[in-house]
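Here is the structure we will look at, set down as structure tokens.
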Amino acid sequence: MVTQIISTMETQVSNGPTSNSSLPNGPLISANGATDDSKTNLIVNYLPQNMTQEEFKSLFGSIGEIESCKLVRDKITGQSLGYGFVNYVDSNDADKAINTLNGLKLQTKTIKVSYARPSSASIRDANLYVSGLPKTMSQKEMEQLFSQYGRIITSRILVDQVTGVSRGVGFIRFDKRIEAEEAIKGLNGQKPLGASEPITVKFANNPSQKTGQALLTHLYQTTARRYTGPLHHQTQRFSPLSLISRFSPITIDSMTSLAGVNLTGASSAGWCIFVYNLSPEADESVLWQLFGPFGAVTNVKVIRDFTTNKCKGFGFVTMTNYDEAAMAIASLNGYRLGDRILQVSFKTSEEFVKTKHGAI
DNA sequence: TTGAATT
């Protein structure tokens, strides 16, 4: 079973705004009266399957005011298709969203945030399936092979999860369908330079719903990740247990919370988590970064000083599921962020009082 | 040997 798990590599491609107006703000109006969304409208790819419209809006709304946003769903089943659109009021916020949220790890996914191309029939069905690739061919080399036929939006080579070796299968998405057609004509049945076998190039099928096996695979990955936490944390984590006696009574509170003694973090909206010892420069994106990998996060908030707008050293994160919240707390409490040791617990009534009175 | 990229 394990050998059937696959992973992918992908280049992060910025589509780039298609308008070159130098005006940074406000809705742009073109000659025909239509609004120009090219600098405010973003496409977001590789969203976790279980992310809701509300979580999607919460994540991107933490950057700035949203004109509209939409998580794209299957018309029949209502299942998320794993991508969505966010149109900001201000193009500066769109730019900021790309800079701060592109590459964000959410559960098993690494999201991609880029400018949306103008919707057009000419960009649809431009995805190619390539098989028979030499196992030694890199993603970059595959792109070089195909780039003579047009602008590549994404490329991907499937690899064996365990060995990391290429499976000789990949995808190339072109900007335009006609480019994809030309690539098929030029490359299908051809041997790449130095290859012993010809490659097959054809239009890709639509991604299918997960089969039972794929669901098992997903479950395996989700479970494995839960117990290891975010990958980028592993090399620098402190053991939370070693910190209990050396770092403040709030850590003890988190232990009683975890044991189910004092679960005031619960509410209809989910499980509210208290995060203490953030730096004055902390922002919402760091909370998404920290907690997103553990499961569904519905809201994050950095508490700021009213006059300086600097973080007052703490914030809150709301997570939907208890087990994911508990795992996040167990993993992130005692985590070193920069030169600070975070204290993470379910929000308690005590902290609620302190917060209300501004005593922290 | 098939991935959620155009509302």
Side-chain angles (χ1 to χ4, degrees), chain A residues 3-16 18 35 37-38 40-51 53 56-57 60 66-88 98 102 106-135 139 142 150-163 165-177 179-180 197 199-211 213-215 217-218 221:
Chain A
T3 55
Q4 307 212 25
I5 296 168
I6 53 165
S7 74
T8 60
M9 305 178 287
E10 177 153 344
T11 306
Q12 296 280 325
V13 178
S14 176
N15 293 323
T18 53
T35 56
D37 290 340
S38 64
T40 57
N41 195 29
L42 305 179
I43 185 164
V44 184
N45 290 289
Y46 313 112
L47 293 166
Q49 177 62 230
N50 59 5
M51 187 175 223
Q53 167 78 26
F56 183 58
K57 185 172 186 180
F60 285 88
I66 291 173
E67 194 277 322
S68 63
C69 74
K70 182 174 196 176
L71 178 66
V72 180
R73 295 180 177 279
D74 184 286
K75 284 187 178 68
I76 313 282
T77 67
Q79 290 284 92
S80 166
L81 294 184
Y83 66 94
F85 296 89
V86 180
N87 196 10
Y88 283 99
I98 291 173
N102 184 40
L106 292 177
Q107 298 171 252
T108 61
K109 304 286 190 176
T110 301
I111 71 170
K112 179 179 173 183
V113 185
S114 56
Y115 290 108
R117 292 171 289 163
S119 188
S120 154
S122 66
I123 67 172
R124 293 181 54 183
D125 302 317
N127 197 23
L128 297 180
Y129 171 78
V130 187
S131 59
L133 292 165
K135 299 285 198 284
Q139 183 188 18
M142 182 178 72
R151 178 185 174 211
I152 296 170
I153 300 301
T154 58
S155 71
R156 163 172 291 188
I157 286 179
L158 304 186
V159 300
D160 185 287
Q161 176 82 36
V162 177
T163 66
V165 70
S166 166
R167 297 171 62 205
V169 173
F171 292 87
I172 295 276
R173 180 179 298 277
F174 280 101
D175 182 38
K176 295 291 194 298
R177 179 178 172 91
E179 296 168 343
E197 298 299 324
I199 61 173
T200 299
V201 184
K202 57 185 190 178
F203 283 109
N205 297 332
N206 286 324
S208 55
Q209 283 292 346
K210 281 188 191 316
T211 63
Q213 168 131 134
L215 282 171
T217 297
H218 178 73
Q221 292 172 327

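A note on names: the letters A, B, ... follow the listed sequences, proteins ahead of strands, and every chain is numbered from 1.
Here the nucleotide nearest the side chain of A/Val169, chosen from B/dT6, B/dT1, B/dA4, is B/dT1. The nucleotide whose nearest atom lies closest to any side-chain atom of A/Lys135 is, among B/dT6, B/dT1, B/dG3, B/dT1. Taking every side-chain heavy atom of A/Lys70 into account, B/dT7 is the closest of B/dT6, B/dT7, B/dG3. Taking every side-chain heavy atom of A/Arg167 into account, B/dT2 is the closest of B/dA4, B/dT6, B/dT2. Picking from B/dA4, B/dT7, B/dT2 the nucleotide with the shortest atom distance to the side chain of A/Tyr129 gives B/dT2.
A close approach under 4.0 Å does not occur between any side-chain nitrogen or oxygen of A/Arg173 and OP1 or OP2 of B/dA4. In terms of phosphate contacts, A/Ser119 brings a side-chain nitrogen or oxygen within less than 4.0 Å of OP1 or OP2 of B/dT7.
Summarising the geometry, the separation between CD1 on A/Ile199 and C1' on B/dT1 is reported as 16 Å, rounded to the nearest angstrom. Atom CD1 of A/Ile153 and atom C1' of B/dG3 are 16 Å apart (whole Å). Regarding A/Lys75, its NZ atom lies at a distance of 14 Å from the C1' atom of B/dA4, rounded to whole Å. Between the CD atom of A/Gln161 and the P atom of B/dG3 there is a distance of 13 Å, rounded to whole Å. Rounded to whole Å, atom C1' of B/dG3 lies 12 Å from atom CD of A/Gln139. Rounded to whole angstrom, the span from the CD atom of A/Gln79 across to the P atom of B/dG3 amounts to 16 Å. In this structure, the CG atom of A/Leu133 is 14 Å from the P atom of B/dT2, given to the nearest Å. The separation between A/Lys57 atom NZ and B/dT7 atom C1' is 16 Å, rounded to whole Å.
Side-chain contact check for A/Phe85 versus A/Val72: some heavy-atom pair is nearer than 4.5 Å. Within the 4.5 Å cutoff, no side-chain heavy atoms of A/Tyr115 are placed close to those of A/Asn41.
Evaluation of atom-type donor-acceptor distances gives a pair under 3.5 Å for the side chain of A/Lys202 against the base of B/dT2. Between the base of B/dG3 and the side chain of A/Asn127 there is a donor-acceptor pair shorter than 3.5 Å. For a distance-only test at 3.5 Å, the side chain of A/Arg124 fails to qualify as a donor-acceptor partner of the base of B/dT6.
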Which pairs would a plain distance check flag for residues 124-134 of chain A, meaning a side-chain donor or acceptor within less than 3.5 Å of a matching protein atom at least two apart in sequence or in another chain?
none

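Using a 4.0 Å heavy-atom distance criterion, A/Lys176 is classed as making no nucleic acid contact. Residue A/Ser68 is classed as having no contact, given no heavy-atom separation below 4.0 Å to the nucleic acid. Looking at heavy-atom distances under 4.0 Å, A/Phe171 makes contact with a base.
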- Message: If you apply the rule side chain to side chain contact (heavy atoms under 4.5 Å, CB included), what do you find for A/Leu158 with A/Phe171, and how did you get there?
- Response: CA-CA 8 Å; A/Leu158 304 186; A/Phe171 292 87; 4.3 Å; yes
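Pairing each heavy atom of A/Leu71 with each of A/Tyr83, the nearest pair is CD1-O, 3.7 Å.
With sequence neighbours excluded, no residue forms a salt bridge (Lys or Arg N to Asp or Glu O under 4.0 Å) with A/Arg173.
Nearer the 5' end of DNA chain B, as judged by each residue's closest nucleotide, is the contact made by A/Phe203, out of A/Leu42 and A/Phe203.
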